[in-house]
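We name chains A, B, ... by the order of the sequence lines, and we start the count at 1 in each one.
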Amino acid sequence: MYTEREILESLSKVEASREQRLKDRENIKRMTAEDKEAILKAYHPDYKDDNFENLKIGVNKGDKVPHELADMLQANPRINTADIDLANPTYDVDVLVIGGGGSGASAAIEAHEAGANVMMVTKLRIGDANSMMAEGGIQAADKPNDSPMQHYIDVMGGGHFVNKPELVSKLVNDAPEAIRWLNELGVMFDKEEDGEMTTVHGGGTSRKRMHACKDYSGAEIMRVLRDEVFNRNIPVVDFTAAIELIKDVDGKIAGAVLLNMETNEIMVARAKAVIIATGGAGRMHYNNFPTSNHYGATADGLVLGYRAGAKLLFADTLQYHPTGAAYPEQILGALVTEKVRSLGAQLVNRDGVAYIHPLETRDVNASGIIRECCARGEGVPTGTGQAVWLDTPMIEMIGGEGTIERRIPAMMRMFGKYDIDIRKVPILVYPTLHYQNGGLEISANGMTAVENLFVAGEAVGGIHGRNRLMGNSLLDIIVFGRNAGQQAGKAVNAGITLKDLTLSHVDAYKAEMKDAGIETDLVSPKLLPTYHHREANK
Amino acid sequence: MENMVDVYLYGKKYSVPSNLTIMKAMEYAGYQLVRGCGCRNGFCGACATIYRIKGETELKVALACSTKVENNMYVATLPFFPVVKQVYDVNVIKPTEQIMMQLYPEIYSCIGCNACTKSCTQGLNTMQYIAYAQRGEYEKCAEASFDCVMCGVCSSRCPAGISHPQVGILARRLTGKYIAPKSEHLYDRVAEIASGKFSDAMQELMGKSIDELKELYNSRDIEK
Ligand SMILES: Cc1cc2nc3c(=O)[nH]c(=O)nc-3n(C[C@H](O)[C@H](O)[C@H](O)COP(=O)(O)OP(=O)(O)OC[C@H]3O[C@@H](n4cnc5c(N)ncnc54)[C@H](O)[C@@H]3O)c2cc1C
Ligand code: FES
């Protein structure tokens, strides 16, 4: 419960203005294109040049990325290539899927369906992943008033029009089919009594096309996919990280070097196709932001792919989710799903003013909160920083009593554990590092420039341009996860002959580092963050 | 000065700030977690934990990532518990009573001790959802088990050897696939796309310049 005086004073202002705000709610103006530009430039961390540096080596030499990512991309490999016995692999498979989230599971299922001998490796357990945490929902244009074109325009607009059209077109065209696939696997979508999907808006959508499974959307999808992987007896090697990719002497992908996270044993997996499905990077804590991501979100796939010669796209754009929990301290950075705003909760400043439309795109709303807190003195001090209110009690005034428990039970539980009943009192929020907009570049067939190296999910760059809309990531992990699995299966079926395996690209990369004068003790991929002592509060 | 409390991690005493979760307290103490830590926010079930406050008889369970430390807390983690997962083909099974009987017959040995419900880290009525499963009431079982994070604590406490989380997911998949009403509009749209109905319009859109797209985006109507 709130006890601090300043918080309580502000809270009473929020309560006092609630009735009136409810009445005026439909009249809040959306920002013009110029206003949005201006607020992003002034307040969004992506626009602050000193948060970035230019890469000194590799395919993207000269391009800017966040310092923390540059450190990992330009760090030493974890292995001495000469120590690795490539001739006697521990595993020998057709398709190796790296990562146990939704994209990896979808890829594995489809590669298996195509008849390939597929294996998954994952750093933690299958399902310990960002996919499990998605709350809000998944987009698909499956209603009569909607269309793939309408969805396309929303995705491009959200991404600032720089998305790769071929990827966006695939995303929106395959979306209804993705929902069908999930539903037929047994995913319990929220539906009306006649079977119509219950859908709402998300930030930046022009149609109500957000499908959900209460506010456990990702968990429900991930649990079902995991169960399906097990039903198919697809081997899942858990607590095992990929730490380097392997090629054959012709330059085709040929497998990965693996590390047992518990015993530190190094192993080799030989594979005719590899799918990187390693997800995001919240645990890199770019610009010192807290994060909503799972423990293993450390951009490993980007490092693996980059060293092997795959190209990065939009690696300089991160998504700061506007509503990370800012109070109590125990859940600092944890996600407060956008659905809270979809259902009607407003963003309200210290003085009880609804200063912005709650469903502007994420980057705009995150910038808005930073502006209230850092420039206008309209933030509420939380003890660890500043925050604005997210006025949850409005939800029940709009949707009726019981809406919160029915539609966002996970949120109710998360705050309830700290004696905050979100039906009765609003919550305090501040932006949290949430999503890696950029990643490895692929074509519509899911492949990188390295032959038979596929990427799916949050590790991909280009689908969402410079900003992803809510609900399009769960969608892309299914669409592009399945696609990668199908394409890898197809490639294997068409016949791939591997020549001798090599790690020469790793040696070449090390040489490039040396030539560029990069000297560092850091090793990568990062694998896990370390939170000892004071760090433990992040 | 931060308020400190004493916690006993696997019996060894550490002094940690009182505002930390159990998970962060372990890290504060110097552990580098590998097992027992996934989402760090109550969704994945990796961090099942058993604890007892010194001097009390009650054994409590919690998710380490979303439970605050208390003074004199004795903590043991349960990063893995061997539950039984039966394999099946979701396209072949049907939502009949027999399927539970066939795959998870041990649920009929439930002795009604309610230890599962008492130990649920999500506060679910676990015994009730098992009862629904026994009766073939899968939709009710699915609803009642929906928030399950599959941490396995219930199974660890069950004298009948039931793998509750696996029963729950079977009921949910049956419900999602067979029992919930079918979404006609979804199938219509999938068919429309397959028939190529939108291909030309999409092709045209993909060829648009950024300025043209901006125009379309900024003037698009937004559903109320
Ligand atoms: C809190 C939260 C809420 C979200 N809500 C939504 C939402 O409502 N709608 C939406 O569309 N999107 C949402 N997202 C985004 C979306 O969930 C993710 O972007 C998406 O699920 C990523 O899926 P993935 O399979 O690419 O990665 P993940 O699900 O993160 O899986 C990556 C896997 O790879 C493993 N891994 C990483 N490195 C290695 C390595 N070196 N070796 C082996 N394994 C490795 C990881 O441990 C993990 O198992 C949300 C994200 C978060 C964090
Ligand atoms: S770490 Fe996922 S539930 Fe605790």
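Looking at B:Gln32 and A:Thr530, their side chains do bring a donor and an acceptor atom within 3.5 Å of each other. Side chains of A:Asn183 and B:Tyr187: no donor on one and acceptor on the other come within 3.5 Å. Using a 3.5 Å distance cut-off with no hydrogens or angles, the side chains of A:Asn145 and B:Glu223 do pair a donor with an acceptor.
Contact tally against chain B (heavy-atom pairs below 4.5 Å) for A:Pro165, A:Ala219, A:Gly157: the top residue is A:Gly157. The choice from A:Cys213, A:Ser292, A:Gly218, A:Gly333 that makes the most heavy-atom pairs within less than 4.5 Å of chain B is A:Cys213. Per-residue heavy-atom pair counts under 4.5 Å with chain A were compared for B:Cys65, B:Ala180, B:Ser66, and the maximum is reached by B:Ser66. Taking chain A as the reference chain and counting heavy-atom pairs below 4.5 Å, the highest number among B:Gly42, B:Ser199, B:Ala142, B:Gly45 is found for B:Gly45. Heavy-atom pairs under 4.5 Å with chain B were tallied for A:Asn173, A:Asn233, A:Val187; the largest tally goes to A:Asn173. Among B:Thr67, B:Thr175, B:Ile179, the residue making the largest number of heavy-atom pairs under 4.5 Å with chain A is B:Thr175. Counting heavy-atom pairs closer than 4.5 Å to chain A, the top residue among B:Glu184, B:Gln122, B:Gln86, B:Met150 is B:Gln122.
Contacts between B:Lys208 and chain A at a heavy-atom distance below 4.5 Å are absent for every atom of the residue. Proximity to chain B (any heavy atom under 4.5 Å) is shown, for A:Met222, by neither the backbone nor the side chain. Contact annotation for A:Glu228: both backbone and side-chain heavy atoms come within less than 4.5 Å of a heavy atom of chain B. For B:Leu33, the parts sitting under 4.5 Å from any heavy atom of chain A are the backbone and the side chain alike. Using a 4.5 Å cut-off between heavy atoms, A:Pro148 contacts chain B through both its backbone and its side chain. Heavy atoms closer than 4.5 Å to chain B are found nowhere in A:Phe189, neither backbone nor side chain.
The side-chain heavy atoms of B:Glu143 and A:Met188, taken from C-beta on, include a pair separated by under 4.5 Å. Residues B:Lys85 and A:Asp227 form a side-chain contact, since some pair of their non-hydrogen atoms from C-beta on lies under 4.5 Å apart. The shortest side-chain heavy-atom distance between B:Asp188 and A:Lys143 does not fall under the 4.5 Å cut-off. Side-chain contact check for B:Ile169 versus A:Arg226: every heavy-atom pair is 4.5 Å or farther apart. In this structure, the side chains of A:Tyr152 and B:Leu213 come closer than 4.5 Å at one or more pairs of heavy atoms. Side chains of B:Arg173 and A:Arg223 form no contact here, defined as non-hydrogen atoms less than 4.5 Å apart. Residues A:Glu220 and B:Phe146 meet the side-chain proximity criterion, which asks for heavy atoms closer than 4.5 Å. For the pair A:Asn231/B:Asp89, no side-chain contact is recorded, criterion being any heavy-atom separation below 4.5 Å from C-beta on.
Without hydrogens or angle criteria, B:Arg220 side chain to A:Asp154 main chain gives no donor-acceptor distance under 3.5 Å. Of the possible donor and acceptor atoms, one in the side chain of A:Lys208 sits under 3.5 Å from a partner among the backbone N and O of B:Lys224. Within the 3.5 Å criterion, the main-chain N or O of A:Glu196 finds no donor-acceptor partner in the side chain of B:Ser183. B:Tyr217 contributes no side-chain N or O that, together with a main-chain N or O of A:His160, makes up a donor-acceptor pair within less than 3.5 Å. Under the 3.5 Å distance criterion, the side-chain polar atoms of B:Lys177 are matched with a main-chain donor or acceptor of A:Glu184. At least one donor-acceptor pair closer than 3.5 Å links the side chain of A:Gln330 to the backbone N or O of B:Asn19. A distance-only check finds no donor-acceptor pair linking the side chain of A:His294 to the backbone of B:Gly38 [under 3.5 Å]. When atom types are taken as modelled, the side chain of B:His185 and the backbone of A:Met197 share a donor-acceptor pair closer than 3.5 angstrom.
Using a cut-off of 4.0 Å between Lys/Arg side-chain N and Asp/Glu carboxylate O, A:Asp146 and B:Arg189 are scored as not salt-bridged. Looking at B:Arg35 and A:Asp238, no side-chain N of the basic residue comes within less than 4.0 Å of a carboxylate O on the acidic one, giving no salt bridge.
Atom CE of A:Met133 and atom CZ of B:Phe43 lie 6.5 Å apart (nearest 0.5 Å). Within the model, atoms CG of B:Asn41 and CD of A:Glu135 stand 7.5 Å from one another, a figure rounded to the nearest 0.5 Å. To the nearest 0.5 Å, the span separating CE on A:Met149 from CG on B:Leu216 amounts to 11.5 Å. Here the SG-CE distance, from B:Cys39 to A:Met132, works out to 8.0 Å after rounding to the nearest 0.5 Å. In this structure, the separation between CG on B:Asn218 and CZ on A:Arg30 is 12.5 Å, given to the nearest 0.5 Å. Considering CE of A:Met156 and CD1 of B:Ile210, their distance stands at 7.0 Å, rounded to 0.5 Å.
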- Message: The test is salt bridge (charged side-chain N to carboxylate O under 4.0 Å, His left out); show your working for A:Lys214 and B:Asp147 and say whether it passes.
- Response: CA-CA 9 Å; A:Lys214 306 186 200 288; B:Asp147 296 0; over 6 Å; no
- Determine, stepwise, if the pair A:Val168 / B:Met206 fulfils side chain to side chain contact (heavy atoms under 4.5 Å, CB included). CA-CA 9 Å; A:Val168 182; B:Met206 285 170 70; over 6 Å; no
- Are B:Ile193 and A:Glu177 close enough, and set up right, to give a side chain to side chain contact (heavy atoms under 4.5 Å, CB included), and what steps lead you there? CA-CA 9 Å; B:Ile193 291 172; A:Glu177 161 58 20; over 6 Å; no
- Task: Walk me through it: do B:Cys44 and A:Arg125 pass the test side chain to side chain contact (heavy atoms under 4.5 Å, CB included)?
- Result: CA-CA 10 Å; B:Cys44 75; A:Arg125 307 173 310 168; 4.2 Å; yes
- Message: Under the criterion salt bridge (charged side-chain N to carboxylate O under 4.0 Å, His left out), I'd like the reasoning laid out for B:Lys182 against A:Asp194: C-alpha separation, chi angles, the key distance, then a yes or no.
- Response: CA-CA 8 Å; B:Lys182 199 170 162 200; A:Asp194 63 358; over 6 Å; no
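Proximity of the aromatic rings of A:Tyr531 and B:Tyr28 is defined here by a centroid distance below 6.0 angstrom, and this criterion is not met.
When all heavy atoms are compared, the tightest approach of B:Val90 to A:Leu185 is CG2-O, 4.0 Å.
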